[in-house]
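Numbers restart at 1 for each chain; the letters A, B, ... are given by sequence-line order, proteins then strands.
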Amino acid sequence: MNVIILLILPLAAAALSFLPLPRLASVVTVASSSAIFFISLQLAEQVVSTGQPISVFPKWIAVDGLSVLMLLMIAFVGAMAAFFSLGYMSMNSHKPGRLRLYYANFNLFIFSMLAIPVLVEPTLVWIVVELTTLCSALLVCFENTHEALEAAWKYVVLSLMGAAVGLLGFLMLFATMQAAGGGTYTWDGLVAAAPRMPAVLLEVAFVMILVGLGTKAGLVPMHTWLPDAHSQAPSPVCALLSGVETTAVLYVILRLFPVLKAAPGTHAEVYAIVFGLLSVGAAAFLLLQVSDYKRMFAFSTVEHMGIILLAAGLGTSSAHYGALYQAFSHTLTKSFCFFAAGAALLAVGTREISLVRGLIRTSPVAGASLLLGGLAIAGAPPFVVFLSEFSIFRAGLSEGRFIEMALLVLFIAIGFFGILQHINQMVFGGSNSDAKLKVRLPASCLVVLLVTALLVIWLGFYLPEPLHQLLRLGASALER
Amino acid sequence: MINDNLIAVSILDSLNMLAGGLFLLTAFGIVATRQAKGTLTLFITQSLLLAVSAFLLGLRHSSLHLYGVALVNVVAKAILIPWVLRKTVHEEVYTRREIDQVLNIPSSLLISLALVIIAYFLTIPLQQAIAVEFRGPNIPIGFAVLFLGAYTLAVRREAVPLLIGLLAMENGAFFAGISLARTLPLLVELAIATDGLIIVFITGVLIRAVHQHIGTTEVGAMARLKERTTDEALEETGQ
């Protein structure tokens with residue numbers, strides 16, 4: 001029942017947001033996204049304590065360990081982004097009508113993302129993945145500048161192109177299932193039918209889905225839209241796009257791994273490792289030469305998607321655990337980074353790295369957050385990304401994958417250098433002091449920054465037992 | 001009796017083949033037509049041919065599902081999508097002629113031909129892997145139209161032809177799908193059709209916003225976002 005409420009809440013909030021009452025839209029959005037977060041927490045607790053999936057309509061809607069982990073991530077960033085929007089959107093004087101549109105779209109976007117892990121029928125999942133693009137397109141171009149519109153257009157066209165390829169992939173998957181003697185077309189049904197599937201058909205379907213949805217997850221070489229869209233959107237939306245949307249799409253691809261593992265003669269791992277390493281490598285070098293700090297965090301998303309896919313491709317249960325741990329830590333840290341970037345943008349009014357110098361003096365809060373975010377996302381200890389990357393590294397080494405791990409560490413080190421070089425210049429560089437005004441950041445932004453920063457640090461020291469259980473449960477769904 | 005059935009099946013197969021051929025031809029048309037409005041007409045024709053093929057396959061396999069698919073296609077793509085497009089996009093946008101494509105039209109058509117041949121050879125191993133009753137012209141033609149749609153997106157710049165290219169890709173996926181996934185639940189088909197409408201609506205709004213704020217309909221030619229060096233960035237901001 002809770003699962004259904006989870007889906008109805010954002011829809012209701014979206015409808016209410018259209019009502020022309022002052023400030024109603026923002027209040028409703030904050031209330032509904034907080035409620036969604038608490039419901040997801042409760043669902044997570046239920047799944048962890050019983051160890052059993054919750055199925056509402058077994059053929060359509062069900063929630064297992066992996067889904068609930070995704071739900072929790074989406075709901076957390078959703079709630080934080082809603083709070084952040086409260087202050088952030090009021091700083092840029094928008095007309096009330098535009099603001100209502102923003103919040104309505106925001107809620108629809110949350111709905112489409114929550115539906116991804118909840119649905120179990122692959123073609124329906126494909127539809128909600130497509131809906132995430134469509135619901136977020138108008139958020140990306142919300143500022144209506146030339147750059148924002150161009151970014152939104154690229155985002156829509158490339159994502160939908162990928163989606164069309166993915167659709168054929170999912171229809172072929174259905175045919176593969178029929179060829180294996182049928183069954184219910186759900187994630188579980190696919191795994192059950194996998195041993196009888198013709199390898200050629202399944203592998204082609206998988207590659208089409210990997211390429212199609214990989215476009216939206218930002219895998220190199222289909223990533224070209226990502227830095228544009230993720231840098232032009234308003235910062236709270238960037239946190240959602242970079243933090244959870246890409247991961248949610250990657251989740252759909254990960255769902256196919258157990259199917260291919262159970263089918264004889266298919267090689268999901270090879271594709272995962274190749275695409276994964278390619279993404280990490282390309283992103284690492286692109287990180288060295290960015291000139292826009294929001295683009296920098298966007299490229300770092302490409303890097304992390306590559307790491308997750310690579311870890312999933314290693315194939316052991318500890319690597320799967322590492323992949324999900326990495327997805328979780330990336331979501332948490334990346335959303336913090338974009339909140340920090342939003343604060344910096346409010347404080348200095350430019351996205352150019354070269355125009356921001358001595359941020360720690362002009363706006364201590366924004367400067368410190370950006371420094372913390374940069375260190376955390378680049379993978380420095382003692383932050384949560386370091387722990388998750390280390391767990392992947394350990395899993396890879398114990399498998400004897402020395403070459404892959406050496407490349408991974410090399411690329412991560414290059415990326416680390418790139419990110420910190422830029423952050424260092426921005427935060428500590430000699431001030432070019434042409435009268436930067438000191439903006440007071442809105443209270444809601446400060447609260448969000450504080451909460452996410454504390455989590456990023458706290459989880460960097462220790463992994464709470466319930467979270468560990470949840471990750472284990474999620475990894476076992478990838479295993480089977 | 002058995003003989004009659006065989007003849008009926010072979011006639012249906014030939015008709016389906018014909019529908020497939022025409023379907024492929026419309027995709028070539030979308031690559032080559034200069035007039036934005038012309039591509040829309042071609043898309044409507046294409047969707048009707050998709051419905052015809054679904055109907056014929058429905059008769060051939062006596063499957064009610066496929067009649068449903070045909071109906072959904074006619075209503076959503078031949079009636080609703082053009083209507084939504086007309087509502088959201090400014091008249092001026094789709095009466096435009098596109099003068100400069102990235103490649104000239106004869107070479108575009110040659111490349112398209114090559115793509116079709118590639119699609120044909122790519123699908124041979126697939127055809128062999130699936131059960132006999134799922135085989136047919138739909139699979140290679142579906143792949144070919146998917147490729148041609150992607151190619152359209154690569155070479156065209158005007159807003160409406162680009163949107164039509166996207167929709168053509170989806171049509172291609174579906175054309176293969178009606179043969180591959182015959183028993184897909186009708187709920188899913190309906191959801192996919194609704195999704196198509198949302199695509200047109202959102203893209204239409206986006207095209208209108210671009211037209212309003214930038215004053216161009218050549219959305220494909222926008223190229224302000226790219227990696228720049230620090231010097232270029234400084235120059236641009238005038239410092």
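In plain terms, the two heavy atoms of A:A164 and B:A173 that are nearest each other are O-CB, 3.7 Å. Listed here is the closest heavy atom pair of A:W153 and B:A159: CH2-O, 4.2 Å.
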**A:H146 vs B:H213, side chain to side chain contact (heavy atoms under 4.5 Å, CB included): CA-CA, chis, key distance, verdict** = CA-CA 7 Å; A:H146 187 300; B:H213 292 276; over 6 Å; no
**Chi angles and distances behind the side chain to side chain contact (heavy atoms under 4.5 Å, CB included) call for B:M169, A:V165** = CA-CA 8 Å; B:M169 277 183 86; A:V165 177; 4.0 Å; yes
**Message:** Show, in sequence, the C-alpha distance, side-chain angles and deciding distance for A:L158 and B:L153, and conclude whether the side chain to side chain contact (heavy atoms under 4.5 Å, CB included) test is met.
**Reply:** CA-CA 9 Å; A:L158 280 166; B:L153 286 169; over 6 Å; no
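The contact between B:L162 and chain A is made entirely by side chain atoms (from C-beta outward), counting heavy-atom distances below 4.5 Å. Neither the backbone nor the side chain of A:A199 comes within contact range of chain B; no heavy atom of the residue lies under 4.5 Å from a heavy atom of that chain. With a 4.5 Å cut-off on non-hydrogen atoms, B:I199 touches chain A through its backbone and its side chain both. In this structure, chain A has heavy atoms under 4.5 Å from both the backbone and the side chain of B:L180. For A:V157, the parts sitting under 4.5 Å from any heavy atom of chain B are the backbone and the side chain alike. Within the 4.5 angstrom heavy-atom criterion, atoms from both the backbone and the side chain of A:E150 approach chain B. If you measure heavy-atom distances from A:L138 to chain B, the contacts under 4.5 Å come from the side chain alone. Within the 4.5 angstrom heavy-atom criterion, only side-chain atoms of A:M208, from C-beta onward, approach chain B.
Your options are B:L146, B:L163, B:T194, and the one with the most heavy-atom pairs under 4.5 Å with chain A is B:L146. Ranked by heavy-atom pairs under 4.5 Å with chain B, the list A:V200, A:T176, A:V204, A:L160 is led by A:L160. Per-residue heavy-atom pair counts under 4.5 Å with chain A were compared for B:P185, B:G177, B:A181, and the maximum is reached by B:A181.
In this structure, CD1 in B:I198 is found 11.5 Å from OG1 in A:T133, a value given to the nearest 0.5 Å. Interatomic distance, B:L126 CG to A:L201 CG, rounded to the nearest 0.5 Å: 6.0 Å. For the atom pair CD of B:E170 and CG of A:L168, the computed distance is 11.0 Å after rounding to the nearest 0.5 Å. Of the inter-residue distances, the one linking A:W60 atom CH2 with B:L187 atom CG reads 5.0 Å to the nearest 0.5 angstrom. Here the CG atom belonging to B:L184 is positioned 12.0 Å from the CZ atom belonging to A:F170, to the nearest 0.5 angstrom. Distance check: A:Q178 CD to B:T183 OG1 gives 4.0 Å after rounding to the nearest 0.5 Å.
Counting heavy atoms of neighbouring residues, nucleotides and ligands inside a 6.0 Å radius, atom OH of B:Y120 does not exceed 12 of them.
Residues of residues 201-211 of chain B that come closer than 4.5 Å to chain A, counting heavy atoms only, are B:I202, B:T203, B:V205, B:L206, B:I207, B:A209, B:V210, ordered by residue number.
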